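Step one of this worksheet: look at the structure below.
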Amino acid sequence: MHTCTKANLPRVDALSEPFINRLRKAVAIPSISAEDERRQDVFKMGDFLASELEAVGAQVEKRYLGKQPHKEHLDLPPVILARYGNDSSKRTILVYGHYDVQPAKKEDGWATEPFELSIDEKGRMYGRGSTDDKGPVLGWLNVIEAHRIAGISFPVNLLMCFEGMEEYGSEGLDEFVREESRRYFAGIDAVCISDNYWLGTEKPCLTYGIRGCSYYSVCISGPSQDLHSGVFGGSAQEPMTDLVRVLGSLVDTHGVIQIPGLMDLVAPITDEEKAIYTDISFTMNNLYESLGSTTAIFDDKERTLMARWRYPSLSIHGIEGAFSSPGAKTVIPAKVIGKFSIRTVPDMEPDDVDKLVFKFLKDEFAKLGSKNTLEVSLQHSGKWWVADPKHWNYSAASKAAEHVWGVKPDLTREGGSIPITLTFEEATGKNVLLLPIGSSTDGAHSTNEKLDKKN
Ligand SMILES: C[C@H](N)C(=O)N[C@@H](Cc1c[nH]cn1)C(=O)O
Ligand SMILES: [Zn+2]
Ligand SMILES: [Zn+2]
């Protein structure tokens with residue numbers, strides 16, 4: 001057997017065609033976990049992943065999680081478990097990723113078909129899931145295959161755990177991971193998750209913290225059906241008018257959350273923590289490049305990074321039941337459901353956040369004096385996580401990243417959420433490392449999502 005040296009890196013590049021073809025096949029399956037009518041595709045993607053894993057020599061098991069809570073007509077997609085290597089002299093690393101994706105439609109503003117991988121002259125591979133998270137998941141298969149073809153002994157035993165509901169709050173996975181920590185995952189030495197992004201486009205990162213996410217819906221209803229605004233405008237109380245005012249009261253233009261007491265739940269910043277932000281390789285231009293504009297809230301990198309990593313944020317995502325097509329339909333929607341989420345940070349407890357949110361929405365609605373009805377519900381929540389990056393899992397990853405990229409990676413936190421991270425840490429008692437693959441310009445969850453070939 002050979003060993004892994006820098007001289008082998010061009011041999012990895014030589015395999016790019018089959019690797020990209022595998023990603024092309026994966027992107028072509030619209031495995032959108034949030035859309036009921038796409039559930040068959042999430043299953044199809046699970047089957048595809050399982051057969052590709054078998055083809056590279058892994059031992060695969062599909063584990064079914066039963067019905068989806070609150071949507072009993074839907075089956076939850078399987079967790080794909082796989083093992084590669086079983087050598088007691090090697091460490092065993094558990095890797096996690098997800099094979100479901102966010103919704104995408106060409107008419108949202110994609111330049112190419114979202115479920116057809118399209119590669120431009122700069123090596124940017126466009127397609128839904130390319131960076132979040134099909135590309136990184138298939139990266140594990142690629143690394144196994146590259147070692148096999150090069151005749152290099154794989155340095156660790158790999159256990160893999162890939163789920164199909166991450167973009168819908170990882171339904172059912174928490175209990176599964178807790179159960180399997182005593183069975184399938186027993187004996188692991190560390191955990192590695194590739195499901196977040198570099199801070200910029202040139203320098204790799206290792207990530208030791210993520211924000212939590214509490215996702216709410218606010219339903220306002222009144223009339224028993226949609227109405228003609230010419231006939232009923234002025235005489236009926238309109239749910240949409242109430243909803244936009246209630247949603248508008250949650251956060252101001254500068255991102256300041258208006259819910260009393262919410263900021264009191266946030267851990268105060270220390271001088272030691274403040275010092276971290278100045279040394280991170282990040283510029284406002286990195287942010288402008290990712291935004292595709294200069295419409296940032298802050299003008300300096302320190303406050304920008306703190307706003308992303310260590311303070312909560314509130315985002316309004318959409319309104320179900322509202323007229324949203326082109327044209328000018330003169331309708332009064334009878335029932336509208338606003339969706340918003342709060343990214344949470346240390347020391348915010350999700351239950352405390354819920355109480356403050358529910359009270360605030362009830363109070364704001366009461367102030368309107370409307371005869372319509374308000375219902376608020378929590379759709380899902382996942383807690384924040386912060387780890388100690390002084391563990392061998394991080395130093396090994398740092399060495400490996402430097403070996404490939406020629407530069408020591410930055411230690412970062414992530415503004416997005418991976419709800420299962422904390423569960424892996426608690427249930428296995430092992431260190432968890434986040435190893436991002438894609439870059440800051442990849443546009444996860446957005447239009448024109450991509451992964452660069454070099455990543
Ligand atoms: C960071 C990760 N790739 C991701 O996109 N996570 C989602 C998780 C989520 C939370 N609620 C719904 N999905 C995210 O941060 O939005
Ligand atoms: Zn995502
Ligand atoms: Zn993801």
Side-chain angles (χ1 to χ4, degrees), residues 195-215 250-316 340-350 352-353 356-357 381-390 394 408-419 421-422 432-434 436 438-442 444-446:
D195 186 22
N196 69 304
Y197 322 98
W198 292 2
L199 257 191
T201 55
E202 302 305 320
K203 197 174 180 193
C205 307
L206 306 178
T207 306
Y208 64 95
I210 49 175
R211 293 196 289 184
C213 183
S214 298
Y215 200 110
L250 287 163
V251 64
D252 77 10
T253 304
H254 310 290
V256 179
I257 301 174
Q258 304 292 309
I259 302 170
L262 197 98
M263 292 308 286
D264 300 338
L265 305 176
V266 177
I269 190 158
T270 60
D271 288 341
E272 193 191 356
E273 189 196 332
K274 256 186 212 158
I276 294 172
Y277 298 95
T278 21
D279 293 338
I280 302 283
S281 309
F282 179 76
T283 64
M284 289 308 289
N285 281 333
N286 287 134
L287 178 68
Y288 301 149
E289 194 184 3
S290 316
L291 291 179
S293 76
T294 55
T295 54
I297 290 183
F298 301 107
D299 295 327
D300 59 288
K301 91 167 181 187
E302 285 79 8
R303 281 189 301 168
T304 298
L305 288 178
M306 283 187 214
R308 185 184 295 184
W309 294 355
R310 66 104 53 224
Y311 285 118
S313 61
L314 189 153
S315 303
I316 299 169
F340 72 94
S341 70
I342 300 180
R343 298 288 171 169
T344 55
V345 295
D347 295 322
M348 299 170 86
E349 287 297 330
D352 297 338
V353 174
L356 293 175
V357 168
S381 78
K383 209 176 163 183
W384 46 267
W385 162 85
V386 183
D388 177 7
K390 291 187 196 92
Y394 282 78
K408 220 175 161 52
D410 267 333
L411 283 172
T412 60
R413 281 165 68 173
E414 167 67 47
S417 312
I418 309 170
T421 312
L422 177 65
V432 183
L433 156 81
L434 301 193
S439 88
S440 63
T441 53
D442 284 356
H445 292 207
S446 176

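Because only heavy atoms are used, hydrogens play no part in the values below, and waters and symmetry mates are left out as well, while side chains stay in. The structure displayed is predicted, hence computed values, not measured ones.
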- Message: Within this structure, what is the CD1-OG1 distance for the pair Ile210 and Thr344, rounded to the nearest 0.5 Å?
- Response: 9.5 Å
- Rounded to the nearest 0.5 angstrom, the CG-CD1 distance for Asp252 and Ile257 is 10.0 Å
- Say whether, by atom type as modelled, one donor and one acceptor occur between the side chain of Arg310 and the main chain of Ala267 under 3.5 angstrom. yes
- Query: Can you check side-chain contact (heavy atoms from CB on, under 4.5 Å) on Phe340 and Val251, steps first, answer last?
  - Reply: CA-CA 11 Å; Phe340 72 94; Val251 64; over 6 Å; no
- Residues at least two apart in sequence or cross-chain that pass side chain to side chain donor-acceptor pair (under 3.5 Å) with Asp410, listed by chain then number, are Lys203, Ser281
- Which pair of heavy atoms, one from Ala387 and one from Tyr394, lies closest together, and at what distance? CB-OH, 4.2 Å
- Note on the structure: Residues passing the side chain to side chain contact (heavy atoms under 4.5 Å, CB included) test with Ala307, sequence neighbours excluded, are Phe298
- Please list, chain by chain and in numerical order, all residues satisfying salt bridge (charged side-chain N to carboxylate O under 4.0 Å, His left out) with Glu289, sequence neighbours excluded. none
- Item | Minimal non-hydrogen separation, Thr278 against Glu302, with atom names | CG2-OE2, 3.2 Å
- Would you name the heavy atoms of Asn286 and Leu199 that are closest together and state the gap between them? CB-O, 4.3 Å
- Query: Hey, mind stepping through Trp198 and Cys205 against side-chain contact (heavy atoms from CB on, under 4.5 Å) and telling me if it holds?
  - Reply: CA-CA 6 Å; Trp198 292 2; Cys205 307; 4.2 Å; yes
- Out of curiosity, Thr295 OG1 to Tyr288 OH, how far, rounded to the nearest 0.5 Å? 9.0 Å
- Closest non-hydrogen atoms of Tyr277 and Lys301, given as atom of the first, atom of the second and distance, are O-CE, 3.3 Å
- Val345 and Pro312, any side-chain heavy atoms less than 4.5 Å apart: yes
- Given the rule in the side-chain contact (heavy atoms from CB on, under 4.5 Å) test, do Arg308 and Arg413 qualify, once you have shown the distances and angles that lead to the verdict? CA-CA 8 Å; Arg308 185 184 295 184; Arg413 281 165 68 173; over 6 Å; no
- Query: Out of curiosity, Leu287 CG to Asp300 CG, how far, rounded to the nearest 0.5 Å?
  - Reply: 11.0 Å
- Item | Tyr208 vs Leu434, side-chain contact (heavy atoms from CB on, under 4.5 Å): CA-CA, chis, key distance, verdict | CA-CA 6 Å; Tyr208 64 95; Leu434 301 193; over 6 Å; no
- Item | Nearest-0.5 Å distance that lies between atom OG in Ser381 and atom OH in Tyr215 | 13.5 Å
- Message: Working to the nearest 0.5 angstrom, can you tell me the gap between Ser214 OG and Arg343 CZ?
- Response: 10.0 Å
- Closest heavy-atom pair, Trp384 versus Asp347, reported as atoms and distance to 0.1 Å, is CZ2-CA, 3.8 Å
- Is the closest side-chain donor-acceptor distance between Ser341 and Ser315 under 3.5 Å? no
- Query: Which pair of non-hydrogen atoms, one from Trp309 and one from Leu411, has the smallest distance, and what is that distance?
  - Reply: CH2-O, 4.4 Å
- Item | Side-chain touch Glu349/Lys383, heavy atoms, less than 4.5 angstrom | yes
- Task: Could you tell me whether a side-chain N or O of Glu414 sits under 3.5 Å from a main-chain N or O of Thr412, the two making a donor and an acceptor?
- Result: no
- Picking from Asn196, Asp195, Asp442, what satisfies side-chain contact (heavy atoms from CB on, under 4.5 Å) with Pro436? Asn196
- Task: Evaluate the side-chain proximity of Leu356 to Pro260: yes if any heavy-atom separation is below 4.5 Å, no if none is.
- Result: no
